[in-house]
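Index from 1, following the sequence.
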Amino acid sequence: MLIDRRVVLGSGLGLVVPVGATRAAGRHVLVMVETTSCIYCIRWHQEVGPGYTRSAEGAFAPLQRLNLGDPGLSHIKNLRYTPTFVLLDGEREIGRIVGYPGADFFWGLLADLLAKAGFPTSEPSDIKT
C-alpha cells in the first residue's frame with residue numbers, strides 16, 4: 001500500500017513549536033528527528049502523533065520535528081537513526097528514544113524520560129492513540 005507522506009506527515013501535528021523559541025524560554029521540547037523516507041516515522045505519525053499533541057505529555061514537552069541533518073540540530077550530538085526523539089530542557093538533553101518500537105513501548109519510554117524532567121507520572125494521560 002502506498003502512503004501519501006504529505007498527508008501522513010502533515011496530519012495530527014497540533015502543537016509544534018520552533019526549537020529556538022523553546023530554548024530561549026527554557027521550556028521542555030521533544031525533538032523528533034526524522035526523514036521523509038522513514039517508515040517508522042510515518043508509523044509514529046499515524047499511531048502516536050495525533051494523541052501526543054492532545055496529551056498532557058505533549059503540553060509539557062511540545063513536539064518539534066526536524067529532518068536528520070538540519071542545521072537546527074547542531075547542538076544535539078550523535079544523531080544517526082530515525083526516528084530519534086530527544087527531550088530537551090532548553091539546550092540540555094535530558095534523554096532520548098532511538099527508534100520507534102510501537103505505540104505502547106513509546107509511551108512507556110517517554111514516561112521514563114519525562115519523569116527525569118519533572119513531569120508528574122502518577123496520573124497517566126488518557127489521550128493516547
Side-chain angles (χ1 to χ4, degrees):
M1 177 173 124
L2 291 175
I3 298 172
D4 185 349
R5 287 188 180 94
R6 292 171 298 171
V7 173
V8 172
L9 296 177
S11 65
L13 298 178
L15 193 60
V16 178
V17 296
V19 170
T22 305
R23 280 187 271 144
R27 294 182 43 199
H28 296 98
V29 65
L30 182 66
V31 177
M32 178 181 185
V33 181
E34 60 187 330
T35 60
T36 56
S37 61
C38 169
I39 61 171
Y40 295 102
C41 300
I42 293 168
R43 278 190 53 211
W44 186 91
H45 285 293
Q46 292 173 332
E47 298 170 2
V48 176
Y52 183 81
T53 60
R54 296 186 310 265
S55 69
E57 293 88 344
F60 181 82
L63 182 67
Q64 171 59 47
R65 299 171 50 209
L66 292 171
N67 286 317
L68 187 63
D70 188 293
L73 295 170
S74 62
H75 65 288
I76 303 174
K77 303 302 178 206
N78 300 317
L79 293 172
R80 291 181 177 79
Y81 306 102
T82 59
T84 296
F85 302 88
V86 182
L87 181 62
L88 298 175
D89 181 0
E91 287 196 13
R92 182 178 66 87
E93 181 176 333
I94 296 171
R96 64 177 66 188
I97 301 168
V98 179
Y100 175 64
D104 291 337
F105 286 108
F106 174 81
W107 285 111
L109 294 169
L110 181 64
D112 292 343
L113 283 183
L114 293 176
K116 293 178 186 177
F119 180 76
T121 58
S122 61
E123 291 293 324
S125 176
D126 58 356
I127 302 175
K128 296 291 189 219
T129 54

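- Scanning for side-chain contact (heavy atoms from CB on, under 4.5 Å) contacts around L110 gives L30, Y52, E57, I97, F106, W107, L114, with sequence neighbours left out.
- Take A111 and apply the side-chain contact (heavy atoms from CB on, under 4.5 Å) test, not counting sequence neighbours, and it matches no residue.
- Within the 4.5 Å cutoff, the side chain of R65 has heavy atoms near those of the H45 side chain.
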Residues 66-74 side chain polar contacts: donor-acceptor under 3.5 Å, at least two apart:
| residue | atom | partner | partner atom | Å |
| --- | --- | --- | --- | --- |
| D70 | OD1 | G72 | N | 2.6 |
| S74 | OG | P71 | O | 3.3 |

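- Summarising the local packing, CZ of F60 is surrounded by more than 12 heavy atoms from other residues, nucleotides or ligands at distances under 6.0 Å.
- What you find for I94 and L113 is that their closest heavy atoms are CG2-O, 4.0 Å.
- Counting only residues at least two apart or in different chains, salt bridge (charged side-chain N to carboxylate O under 4.0 Å, His left out) contacts with residues 94-121 comprise E93-R96.
- Interatomic distance, R27 CZ to D89 CG, rounded to the nearest 0.5 Å: 11.0 Å.
- Under the 4.5 Å side-chain criterion, counting only non-hydrogen atoms from C-beta, E47 is in contact with Y100.
- The minimum heavy-atom distance linking R54 with P50 is given by the pair NH1-O, 3.1 Å.
- Listed for the R43 side chain is no donor-acceptor partner under 3.5 Å among the backbone atoms of I39.
- Looking at every heavy atom in both residues, V29 comes nearest to P62 through CG2-O, 3.1 Å.
- Among residues two or more places apart in sequence or in another chain, the side-chain contact (heavy atoms from CB on, under 4.5 Å) test is passed with Y81 by T84, V98.
- Counting heavy atoms from C-beta on, the side chains of P101 and L109 come closer than 4.5 Å.
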Go through W44 and M32 one step at a time and tell me if the side chain to side chain contact (heavy atoms under 4.5 Å, CB included) criterion holds. CA-CA 10 Å; W44 186 91; M32 178 181 185; 3.7 Å; yes
